[in-house]
Number of protein chains: 2
Amino acid sequence: MLTERQQDTLTFIQHYIRDHGRSPLVAEIADGLGISSQGTTHRYIQALVNAGLLERNVGRTRGLQLINQHDDQPEQPILSVILPVMGKIAAGRLIEAIPDESEIDLGDMFSGSNRFVLKVNGDSMIDKAILSGDWVVIQSQQTARHGEIVVALVDGYDATLKTLLTNDDGTVTLMPANENYEPVTLAAERVSIQGIVVGQLRTYP
Amino acid sequence: MLTERQQDTLTFIQHYIRDHGRSPLVAEIADGLGISSQGTTHRYIQALVNAGLLERNVGRTRGLQLINQHDDQPEQPILSVILPVMGKIAAGRLIEAIPDESEIDLGDMFSGSNRFVLKVNGDSMIDKAILSGDWVVIQSQQTARHGEIVVALVDGYDATLKTLLTNDDGTVTLMPANENYEPVTLAAERVSIQGIVVGQLRTYP
DNA sequence: GGAAAGTGCTTACGGAACGCCAACAGGATA
DNA sequence: TATCCTGTTGGCGTTCCGTAAGCACTTTCC
């Protein structure tokens, strides 16, 4: 039976390997556990090795290896893409750690009921930093508030991605974010909201 | 298990072959890794050959050859956040279905080994549609190619997100994407690449 | 109260990882 | 043939990292 700190150690190692693809240094484990002694940390590692939960390539840097404990498990479909967060990057400073946020879960960020993804075609939202080829995550809903970026159908046709502005006189304005396009003001009845933008994704080749 | 520099070496060779269509000289690898010793470089190459990742035509110039070996890893598909894709949205049309793509997997898009996430602070990449508050996914690596967006340390300090331009005279230029900032040209040795941007995420409140 | 277990710290040692340099060998080239 | 280019090998040093041992403090339980 593992002690509390032994369990912490194992958990940390598992997360580290999952996030970084290689095993941590003893010093990194110590840091992750919030203790400053590599010696103590090493004792925990040794306990895990003795318990048959870890394997060690003696003498090698980053030589730890997880033992697959029970791979007969039905592999539950975890919906989470977890990426480690290193910190904030800014001009003029080193990368700054973000307190209380060591990883981000794309599932948390973008998943949800009634959501779907659209691929953006065209540059009408370029001033809002949405480029052609980007993906936008849409929360499917029929209403939207002033200032939200919406997918809108005009007269049941003409689907566009625009910023929605609601005017006092009952009309709405669909405002592109590109000076080469003109805003369009229409009676609210003619505009059918399909959903609002809740996220945006881009990959680089 | 590869050490960090062995991994760097392999990555450099892969990129070099992809870019130039032939394998690099030992001296070129050394240069790419930022070390001046061909002997040290050769040791890394030897390690990769021993690991079965490279093949060598002994005695021949540019005799390195990559071994294709991605059949030994069953590639655990644990990580998947799947969102349905409705289609393309464009000005002037209904939402257009995208053939052969009914859903997208955020795991496929953004996961990978040696990746992490940074929160962007500041508007220096605004013309590349990366805003303050966005998240960028960084592929951790020590080398980058001309035109890639990189996380770079200047003189071991001053971490920035910039477009990397490699000049013919051995210097590199860190180019911000904001006309209010000035590009900086430096000797390549002073610039330490931390990784390249492979993705970008944004959520809307 | 005292033993045992759990947790933490410091110090020390040896090897791994990494880097440099010099020297040599063999193919390529003039 | 002589020279240059490139790959290869070995030695040396520095720094980083894993391992181990000893000491101290707290909690738990008999």
Side-chain angles (χ1 to χ4, degrees), chain A residues 1-13 16-17 20-67, chain B residues 1-13 16-17 20-51 53-67 114 140-143 153 156 187-194:
Chain A
M1 203 51 181
L2 301 183
T3 69
E4 191 178 354
R5 295 303 261 159
Q6 287 167 11
Q7 184 62 57
D8 290 347
T9 306
L10 180 60
T11 303
F12 178 85
I13 294 172
Y16 190 101
I17 291 179
H20 297 81
R22 59 181 184 180
S23 74
L25 302 175
V26 176
E28 290 172 334
I29 301 174
D31 207 50
L33 294 174
I35 61 183
S36 65
S37 164
Q38 289 193 35
T40 302
T41 307
H42 182 263
R43 198 193 301 150
Y44 294 139
I45 297 170
Q46 187 59 51
L48 294 174
V49 171
N50 291 341
L53 297 168
L54 271 186
E55 222 169 49
R56 180 161 47 190
N57 294 336
V58 270
R60 290 192 87 78
T61 298
R62 301 186 188 276
L64 293 177
Q65 212 167 341
L66 286 172
I67 304 291
Chain B
M1 205 51 170
L2 300 183
T3 69
E4 192 175 356
R5 295 303 262 160
Q6 287 167 12
Q7 184 62 59
D8 291 346
T9 306
L10 179 60
T11 303
F12 178 86
I13 294 172
Y16 190 100
I17 292 179
H20 297 81
R22 58 180 185 180
S23 75
L25 300 176
V26 176
E28 290 172 333
I29 301 173
D31 207 50
L33 293 174
I35 61 182
S36 65
S37 164
Q38 288 193 37
T40 302
T41 307
H42 182 264
R43 199 193 302 150
Y44 294 139
I45 296 170
Q46 188 58 50
L48 294 173
V49 171
N50 291 341
L53 297 168
L54 273 185
E55 221 169 49
R56 180 159 46 190
N57 294 335
V58 272
R60 295 194 81 80
T61 297
R62 301 187 188 275
L64 293 177
Q65 211 168 342
L66 287 173
I67 304 290
N114 292 320
S140 179
Q141 59 186 55
Q142 276 66 52
T143 58
L153 279 184
E189 307 86 63
R190 295 179 59 191
V191 177
S192 157
I193 306 294
Q194 305 292 296

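Chain letters run A, B, ... following the sequence lines, proteins first and then strands; every chain starts at 1.
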**Student:** Looking only at heavy atoms, which two atoms of A:Ala30 and A:Ser37 are closest? And how far apart?
**Tutor:** CB-O, 4.2 Å
**Student:** Which heavy atom of A:Tyr16 sits nearest a heavy atom of A:Arg62, and at what distance?
**Tutor:** OH-NH1, 3.4 Å
**Student:** Does the side chain of B:Ser36 get closer than 4.0 angstrom to OP1 or OP2 of C:dC20 through an N or O atom?
**Tutor:** yes
**Student:** Do any side-chain nitrogens or oxygens of A:Tyr44 fall under 4.0 Å of OP1 or OP2 in C:dG6?
**Tutor:** no
**Student:** Under 4.0 Å from OP1 or OP2 of C:dT7: is there any side-chain N or O of A:Thr3 that close?
**Tutor:** yes
**Student:** How long is the line joining CZ of A:Arg5 and P of D:dT26, in whole Å?
**Tutor:** 17 Å
**Student:** Under 4.0 Å between any heavy atoms, over every strand shown, what does A:Thr61 touch: base, sugar-phosphate, or nothing? Just pick one.
**Tutor:** sugar-phosphate
**Student:** Between A:Thr40 and A:Gln38, do the side chains contain an N or O donor and an N or O acceptor separated by less than 3.5 Å?
**Tutor:** no
**Student:** Please tell me which of A:Ala27 and A:Thr40 maps to the more 5' nucleotide of DNA chain D, matching each residue to the nucleotide holding its nearest heavy atom.
**Tutor:** A:Ala27
**Student:** I want to check one thing: is the phosphate of D:dG18, taken as OP1 and OP2, less than 4.0 Å away from some side-chain N or O of A:Arg62?
**Tutor:** no
**Student:** Indicate, yes or no, whether a donor-acceptor pair under 3.5 Å links the base of D:dG10 to the side chain of B:Arg43.
**Tutor:** no
**Student:** Compare the minimum distances between each of C:dC9, D:dT8, D:dG18 and the side chain of B:Arg56, then state the nucleotide with the smallest one.
**Tutor:** D:dT8
**Student:** Hey, is the side chain of A:His42 poking within less than 4.0 Å of OP1 or OP2 on D:dT19, counting only N and O atoms?
**Tutor:** yes
**Student:** Quick one: B:Ile35 CD1 to C:dC21 C1', roughly how many Å, whole number?
**Tutor:** 13 Å
**Student:** Rounded to the Å, how far apart are B:Gln6 CD and C:dA16 P?
**Tutor:** 13 Å
**Student:** What is the nucleic acid contact for A:Glu4, judged by heavy atoms within less than 4.0 Å: base, sugar-phosphate only, or nothing?
**Tutor:** sugar-phosphate
**Student:** Remember a base hit wins even if backbone is also touched, and classify B:Gly63 as base, sugar-phosphate or nothing at under 4.0 Å, heavy atoms.
**Tutor:** nothing
